Amino acid sequence: MKNTENQMLVIFGASGDLTARKLVPALYNLYESGHLPKNFVVLGASRSDLSDEDFRKKVVLESKYLTDKIKDKNRDGIQKFAEMFFYEDLGKDYDVDYTPLRKRVGDLNDEKGTEGNIMYYLSTPPTLYETIAKNLADAGLSTQNNGWKRLIVEKPFGYSLETAKALNKGLQQHFSESQIYRIDHYLGKETVQNLLVTRFANSIFEPLWNRNYIDHIEITNAESVGVEKRGGYYDKSGALRDMFQNHLLQIVSLIVMEPPIGDGAEEIRNEKVKALKSLRVMKDEKTLHDHTIRAQYMASEINGEKVKGYREEEGVDPESTTETYAAIKFFVDNWRWKDVPFYVRTAKRMPTKVTEVVIHFKTPHHQIFKESGIHSKDNKLIIRIQPDEGILIKFGVKVPGQGFKVERANLDFYYSSLVETRVMEAYERLLLDAMQGDATLYARADEVEAAWEFVDPILDYWQKGKDVRMYGYPSGTWGPTNADDLIEGIGFWRNPGENLTDDENYCVLC
Ligand code: BG6
């Protein structure tokens, strides 16, 4: 186990939902598994008027997000965990003098022995990131003379290339790049990290991982929920900004990248940036028109229950043109991937929640068993990110009997079969990494900018281009049918089921 130094975690926006829903349960898991350092303090900072005791009750003792985890646990242990939490009211605004905060941090540091090491977690609206970073620096709270200081920022990181660059520049005035940790919770998922291992720890896949053997690549990210209570945020964001620019392009970069020199953070991140920079940016209207599809979910009935259409959701403009479905086809301009199309789609209100990567291999160059019709079925490697996490290989086998009739068979691996291993939750893993100063699973400034460079022209085109369509799809379906037209040759997406080995076209509609 790597060493985790004594430290303090200061959470800005601590009275918000993310702290109670994600961060504290992740910290609790780290506490239970003995990963927290000996001296550890969590200082919540936000604009609500709370005492230490109120804060402990809110995020630990009476938190509905912890109930299941702590219900059979020893009360002393839980009390000890709760006692790590403190709260500082910043007053009416985040843009204030942080001298009182510095005093509180200093006192807690002296009392609890956190050795001047501080991790700031910005769980606030992004418009406040720069303000908070500046006020911390002005109060002398970013200097590393007396212990390290790290700054974790949540997504969305920018709204466009220009705003992302401005934000990077703004933060870098007060914290150096090596102090900044941009979180993307998909990188905290074991199955996303396993993309690296699948590729680079096996000699059976990597030799085939190129244009000579791969026909095309398909990535699906589907959610069955709608925008829930986040209509206000989502309507200004949309599927491309909310999921594609960050989570999905992170997955793409791990599939596209060249082998890194080693497993160091910079070595891996250098290759990811190179991969993102090699995505062919779509510049002309024809390509943008032919290679992108956007759509919105419409009212429908799922399992006998009526669900609202996107435009009827709370916080959403009734004439909104924000997409809840995005499907993009693109190419990668480098030696390895020349002419291999990538198809990536993400959407809300689909038949099921699933994220998977499908590598479609080319049909054999010389087909001996033509009669069997096998040439119309490709070999597939399916990497299931969630749920039913695992890997599935589809390959041909001989059907017993005379002649050579070939059918597809499945070879599967499930994470759940690794009974001995407890899989860390995404936030748990990412927090622990940042606590240990490991930035491998955090996005670097140039990585974020490279992703925006690819996404910006699509957003621009959708906003101002000619002949841009917004399709509708009934909630609970796989999106607009014309999305199949994107996939040349084959003409349809693999619509995955709830389970890894569900047959194609299976979908949970009722
Ligand atoms: C978030 C998006 O980043 O990821 C949400 O803002 C989305 O809209 C969520 O629902 C999906 O995450 P996961 O881990 O449930 O796939």
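Only this structure's heavy atoms are used, side chains among them; waters, hydrogens and symmetry mates stay out. Each ligand, and each atom within it, is numbered from 1 in the order the structure gives. Remember, predicted model here, so these are calculated numbers, not experimental data.
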Distance filter under 4.0 Å to D242 heavy atoms, resulting ligand 1 atoms: 2 (C), 5 (C), 6 (O), 8 (O)

Per-atom contacts, ligand 1 versus M243 - under 4.0 Å to a heavy atom: 2 (C), 4 (O), 7 (C)

Test applied, side-chain contact (heavy atoms from CB on, under 4.5 Å); reference residue, W462; option that passes from M470, R294, R469: R294

Ligand-residue contact atoms, ligand 1 with Y186, heavy atoms, under 4.0 Å: 12 (O), 13 (P), 14 (O), 16 (O)

Residue, atom name and distance, where the atom is the protein heavy atom closest to atom 15 (O) of ligand 1: K353 NZ, 2.7 Å

Distance filter under 4.0 Å to E223 heavy atoms, resulting ligand 1 atoms: 7 (C), 10 (O), 11 (C)

Nearest neighbour in protein (non-hydrogen) for atom 12 (O) of ligand 1: H185 NE2, 3.2 Å

Nearest neighbour in protein (non-hydrogen) for atom 14 (O) of ligand 1: K189 NZ, 2.6 Å

F330 ring center within less than 6.0 Å of F454 ring center: yes

Nitrogen or oxygen atoms of Q386 and ligand 1 under 3.5 Å apart: yes

is_close_aromatic(Y28, F81), centroid dist under 6.0 Å: yes

Ligand 1 atoms in contact with K155 (distance to a heavy atom under 4.0 Å): 1 (C), 2 (C), 3 (O), 6 (O)

K348: numbered ligand 1 atoms lying under 4.0 Å from its heavy atoms: 5 (C), 7 (C), 8 (O), 10 (O)

Side chain, backbone, both or neither: Y234 near ligand 1, heavy atoms under 4.0 Å: neither

Non-neighbouring partners of E271 that pass salt bridge (charged side-chain N to carboxylate O under 4.0 Å, His left out), sequence neighbours left out: K274

Matching residue for L151 among Y181, F12, F175 - test: side-chain contact (heavy atoms from CB on, under 4.5 Å): F175

Ring geometry between H291 and F331 (parallel below 30°, tilted from 30 to 60°, perpendicular above 60°): tilted

Parallel, tilted or perpendicular: ring planes of W209 versus W337, cut at 30 and 60 degrees: perpendicular

The single option from E313, E323, K348, R349 passing side chain to side chain donor-acceptor pair (under 3.5 Å) against Y297: E313

